[in-house]
Protein chains: 2
Amino acid sequence: MSAASQSRPLRADAARNRQLLLDAAAMIFAEHGMQASVAQIARQAGIAKGTVFRHFPTKDDLVAAIVCDQLDYLSAAGTALSDAADPTAALLEFMTSVVELQTRDRSLCQAAVGIFQDNQEIQACADRLTKITEILTERARLQGGIRGDVTGQDVILLLRGVYQAAAPLSDRQPTLWRRFLAVVFEGLRSPAAYPLPLPAPDLFRSPLGDGQSPPGARAPTSLQIRDDRGNSEEP
Amino acid sequence: MSAASQSRPLRADAARNRQLLLDAAAMIFAEHGMQASVAQIARQAGIAKGTVFRHFPTKDDLVAAIVCDQLDYLSAAGTALSDAADPTAALLEFMTSVVELQTRDRSLCQAAVGIFQDNQEIQACADRLTKITEILTERARLQGGIRGDVTGQDVILLLRGVYQAAAPLSDRQPTLWRRFLAVVFEGLRSPAAYPLPLPAPDLFRSPLGDGQSPPGARAPTSLQIRDDRGNSEEP
DNA sequence: TAACAAGATGACCGACTGGTCCGCTTCTCT
DNA sequence: AGAGAAGCGGACCAGTCGGTCATCTTGTTA
């Protein structure tokens, strides 16, 4: 969909093999994560390994093609919810979609944020996803459904956490993430008992040293998140 | 500390090298995760690769030695808090310790739960950690500081999620996890707006088919966690 | 149908992994 | 001091990885 319309249309067999390859890669990556080998994918697709590299110069390019598809899918899902009547319910539904897809596809969870910060294509897709998440979050915030100090980047990072929390038991309790999503969403709801500590995350700007712990920025809470502990030696 | 007191005491140079090796491994694993190569660790320790395998028959044994130390450290921290005056504050402090250590040591996050389910030694340490977490959680629950349907295993899995959520930005915002821990802890607090869906996680028993989604077990909430979506095709 | 370019192939490459092994060194004990 | 055992070093092994390339096949087009 992206690099196919360059110059000539693909020859029939090439187009067929490319699709076989994409399907196989999506399946293998979903099952084994992106550390699955190219040879394994080629075997699954029923084509030779050299053919894989003809279609995608590097393995990262193949991963990017798969991951971008998934990220775009989520962006589309978010966009479809961006004018829902109930913004808070829409945000929850969006969050559900994101974790659900992560659970189905293990490669996505490694790609969702920052892991591929060197891959331009994935970055662009991730940026789009972050943007629509920001929109959904702001609508819910304005509605008062979630606390005022939560950002879209909080949401997207927390969704990664929800998936990862449930991942160890994904075999035996494949829907456990719903439970953890409920906990996290509860934590995002209004009214906030205590303000969140620290400035919000920033996936894009602040390449380094954005003043990530400005003095006095920590909120005073009765149940303070502990700042430091006296031990400097290892156990 | 574990296999050293077998038969003879180590020779002086062996003991020295063993300590060099453990220190180097802890540092390298903390920095690069447990996928760091044995050669890299040997290089860091200034000893030959063969010597590594003399002290630890396999890489997994080396990983286990490091990880068990960390898990035991956390268990001890939890035990020290198990009779604190304010159980809810104690639980939060314990949770802070856990995420903090995960942030410092990337190997721990992969080991905390279930990843090493085949390694007896790590399993034993993880079980102890889970047990003390359960105790701390129950005390906070009885105090009314956290909602009644939260278990210790919820807590330990969520802590993994908190770390993972903040991990992508750990370079630029190394204390971001405090923010996410605050969100999650807020979600655990009493009073619960809605009951948590699904039965609690179970790390040990239920090797399979413990009825992980019994009909009607899902809680009725106004903002329901969506159960299923109609699309069966990929994007 | 014939010629040619696009595509497919799989042996091959170098880099890397965890792990082994044997000759050499060094510590310890008498 | 000297013997013997414990420990060490690093070449080596088999396996895997991503990636390349010369050669063969096949779809397309004149």
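Worth knowing before you read on, the calculation uses all heavy atoms, side chains too, and leaves out hydrogens, waters and symmetry mates. A note on names: the letters A, B, ... follow the listed sequences, proteins ahead of strands, and every chain is numbered from 1.
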Checklist entry - Can you pull the contact range of chain B along DNA chain C, 5' to 3', using atoms under 4.0 angstrom from its heavy atoms? => result C/dT17 to C/dT28

May I have the list of side-chain donor-acceptor pairs in residues 37-52 of chain B shorter than 3.5 Å, sequence neighbours left out?
| from | atom 1 | to | atom 2 | distance (Å) |
| --- | --- | --- | --- | --- |
| B/S37 | OG | B/Q40 | N | 3.1 |

Could you pull out all residues at least two apart from [X] that satisfy side-chain hydrogen bond (donor to acceptor under 3.5 Å, both in side chains)?
| X | value |
| --- | --- |
| A/E31 | none |
| B/S170 | none |
| A/S82 | none |
| A/Q19 | A/D23 |

Checklist outcome for this item: Heavy-atom nearest pair, A/C125 first then A/C68, reads SG-SG, 3.2 Å

Checklist entry - Can you check the A/D60 CG to D/dG19 C1' distance for me, whole Å? => result 12 Å

Item to check | Distance, rounded to the nearest Å, where B/L20 contributes CG and D/dG9 contributes C1' | outcome: 15 Å

Checklist entry - Is any side-chain nitrogen or oxygen of B/N17 closer than 4.0 Å to OP1 or OP2 of D/dG7? => result no

Checklist entry - OP1 or OP2 of D/dT16 less than 4.0 angstrom from a side-chain nitrogen or oxygen of A/S37, does that happen here? => result no

Item to check | Results of salt bridge (Lys or Arg N to Asp or Glu O under 4.0 Å) for A/D72 - residues two or more places apart only | outcome: A/R128

Item to check | Counterpart residues, salt bridge (Lys or Arg N to Asp or Glu O under 4.0 Å), relative to A/D13 (two or more places apart) | outcome: A/R11

Next on the checklist: Among residues at least two apart in sequence or on other chains, which ones pass side-chain contact (heavy atoms from CB on, under 4.5 Å) with A/A26?
Outcome noted: A/I66

Checklist entry - Excluding sequence neighbours, so at least two apart, what forms side-chain contact (heavy atoms from CB on, under 4.5 Å) with B/A65? => result B/L22, B/F56

Taking N or O atoms only and anything under 3.5 Å, show me the protein contacts with nucleotides 23-26 of chain D, one pair per line.
| from | atom 1 | to | atom 2 | distance (Å) |
| --- | --- | --- | --- | --- |
| D/dT26 | O2 | A/R11 | NH1 | 3.3 |

Checklist outcome for this item: Under a 4.0 Å heavy-atom cutoff, the residues of residues 47-59 of chain A touching DNA chain C are A/I47, A/A48, A/G50, A/T51, A/R54, A/H55

Item to check | Distance-only polar pair, side chains of B/D127 and B/T130, donor-acceptor under 3.5 Å | outcome: no

Checklist entry - So what does B/A36 hit on the nucleic acid, given a heavy-atom distance under 4.0 Å: a base, only sugar-phosphate, or nothing? => result sugar-phosphate

